[in-house]
There are 2 protein chains.
Amino acid sequence: MQYQGQTRILVAVDCIIFGFDGEEIKLLLIQRGFEPRVRDWSLMGGFLKPDENLDEAASRILYELTGLKEVYLEQLMSFGQLDRDPVERTVCVTYFSLINIHKYEKQITDSFHADWFSINNIPRLIFDHVKMVNEAKIKLRYKAALHPILFELLPEKFTIPQLQNLYQQVYDTEFDNRNFSRKLLSTGLLMKLGEKDKSSSKKGAFYYQLDKEKYKQNFQAFLNLIPNPDKFLL
Amino acid sequence: MQYQGQTRILVAVDCIIFGFDGEEIKLLLIQRGFEPRVRDWSLMGGFLKPDENLDEAASRILYELTGLKEVYLEQLMSFGQLDRDPVERTVCVTYFSLINIHKYEKQITDSFHADWFSINNIPRLIFDHVKMVNEAKIKLRYKAALHPILFELLPEKFTIPQLQNLYQQVYDTEFDNRNFSRKLLSTGLLMKLGEKDKSSSKKGAFYYQLDKEKYKQNFQAFLNLIPNPDKFLL
DNA sequence: TCAAAAGTGTTCGAATTACACCCATGG
DNA sequence: CCATGGGTGTAATTCGAACACTTTTGA
């Protein structure tokens, strides 16, 4: 049984994948392997299959192209401009993903002609992918101002200066390190480890780890790490 | 030219329409006119046509069923569970809308078997529409905690007690009226009128009006009207 | 005259900001 | 021994929460 007289349309799923290399926020892009616009850079995407729902499609696409499972993945929004794909009318549901860049294996990058690009230096993208990236950046700022999601971008063990740098990149500003670490530690979400990371200073910075339990429980809590958040939202 | 070997799918657009009658938050629902589940209550929706984009489809649907144009309409999210529509696989893009209930003409309600339901007393809905409504409620709380969108639910002229009541309904709590009006007026978004509304008290409450210019400019501003917002978000 | 809602100010405590110095270490 | 980044404490201020009384007027 079917609905009569209605038009069926291609549905695509595209993923905006963020990473952080310790210096900059990065975006994972692939070089398109088919026409039109072969070799142009593009978000990772694919068509929705008849036997999968939207979240499954996003996970599949992410897995096919990065080999990663169980990563942070959240629906962003849908795009349906008539001419957004020159080949054929396609409605696109986008997801944004935060991944630990170090878990991402290099060989996959190679085999799919994928590459990380600094968020501030994105190449020309196909279709309306730039608009998608911009929406994702806005949502990332929103969400990260209220929820501790940026931990998803870091390795298991990280230092406070690393984390501060990450926030500074996301909000494109500088924070006072004393206030930052005080607020951060006051959340009780972090556990200090014995080790130090000596890669970025002679003194070394202590590693911390997320308290997974509290992280899950407090996910809905405000993290008021960002002073004057209204400066940065939308 | 078309993409080969891909499945095309029905795309629907459903609208979650909020109103406020001065007492309660309401939801506009229609009685479905066709099988399956004829006469069951449903969100207003329709299928995406080949010549319209998503926003246009949502506006059209809203217009067809309420006669209203230029109302607050924002994409919520998309739903794609395999079995969400028993007739045929359908991906649904939802929008939520805030309308001034008094602008909504009664005759249209009648002709479409539509009706307003208190948000706290929603009838059984078809498919996954309850899930959609819940997502919309969450998003409404989020958005209204950061942006002055609830004015969209009120008439041109409104009183501060009315507005406070609206916020109290949205967040299902009570606010201190002294703090509320102080914060509200400090935004500079409101202009006091000479008239009073005497319908709800003997003393009467002054009408206010939005300063449209400032409203547009300050749309991105926090309205910290809600104490402890983290209690209410998500 | 009284009941019922509108309107207004102050005080207190907490939270946020601004700010400067010592520490540890590798070179 | 010194340059570099890591780490900590305090004072001043702002901001938000709590709280109670007066006003108006229709019934």
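Below, chain A is the first sequence line, B the second, and so on; all start at residue 1.
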Protein N or O to nucleotides 11-15 of chain D N or O, pairs below 3.5 Å:
none

Whole angstrom value for the distance that separates [atom2] of [N] from [atom1] of [X]:
{"X": "A:Phe206", "N": "C:dC23", "atom1": "CZ", "atom2": "P", "value": "15 Å"}
{"X": "B:Asn165", "N": "C:dA4", "atom1": "CG", "atom2": "P", "value": "18 Å"}
{"X": "A:Glu174", "N": "C:dA18", "atom1": "CD", "atom2": "C1'", "value": "15 Å"}
{"X": "A:Phe175", "N": "C:dT16", "atom1": "CZ", "atom2": "C1'", "value": "14 Å"}
{"X": "A:Phe180", "N": "D:dT8", "atom1": "CZ", "atom2": "C1'", "value": "16 Å"}
{"X": "B:Leu185", "N": "C:dG9", "atom1": "CG", "atom2": "P", "value": "12 Å"}
{"X": "A:Leu184", "N": "D:dG6", "atom1": "CG", "atom2": "C1'", "value": "15 Å"}

Inset, instruction - Name all residues meeting the ring pair (Phe, Tyr, Trp, His ring centres under 6.0 Å) criterion together with B:Phe117; count only those two or more places apart in sequence or in a different chain, and write none if there are none. - result: B:Trp41
Inset, instruction - Tell me, please, which residues at least two apart from B:Phe96 pass ring pair (Phe, Tyr, Trp, His ring centres under 6.0 Å). - result: none
Inset, instruction - Do nucleotides 19-25 of chain D as a string where each nucleotide becomes B, S or -: B if the base has a protein heavy atom under 4.0 Å, S if just the sugar-phosphate does, - if no protein is that close. - result: BB--BBB
Residues in salt bridge (charged side-chain N to carboxylate O under 4.0 Å, His left out) contact with [X], at least two apart in sequence or another chain:
{"X": "A:Glu174", "result": "none"}
{"X": "A:Asp55", "result": "none"}
{"X": "B:Glu24", "result": "none"}
{"X": "A:Asp21", "result": "A:Lys26"}

Inset, instruction - Return the set of residues passing side-chain contact (heavy atoms from CB on, under 4.5 Å) with A:Gln164 (not counting sequence neighbours), or none when no residue passes. - result: A:Gln168, A:Phe175, A:Asn177, A:Phe180
Legend entry - Worked check of ring pair (Phe, Tyr, Trp, His ring centres under 6.0 Å) between A:Phe151 and A:Phe158: CA-CA 9 Å; A:Phe151 295 105; A:Phe158 51 85; 5.6 Å; yes
Inset, instruction - Would you classify B:Ser200 as touching base, sugar-phosphate or nothing, given that sugar-phosphate means primed atoms plus P, OP1 and OP2, and contacts are heavy atoms under 4.0 Å? - result: sugar-phosphate
Inset, instruction - Give a yes/no answer on whether the side chain of A:Lys183 brings an N or O atom under 4.0 Å of OP1 or OP2 in C:dA15. - result: no
Inset, instruction - Ignoring hydrogens and angles, state whether a donor on the side chain of A:Tyr167 or A:Gln169 is under 3.5 Å from an acceptor on the partner side chain. - result: no
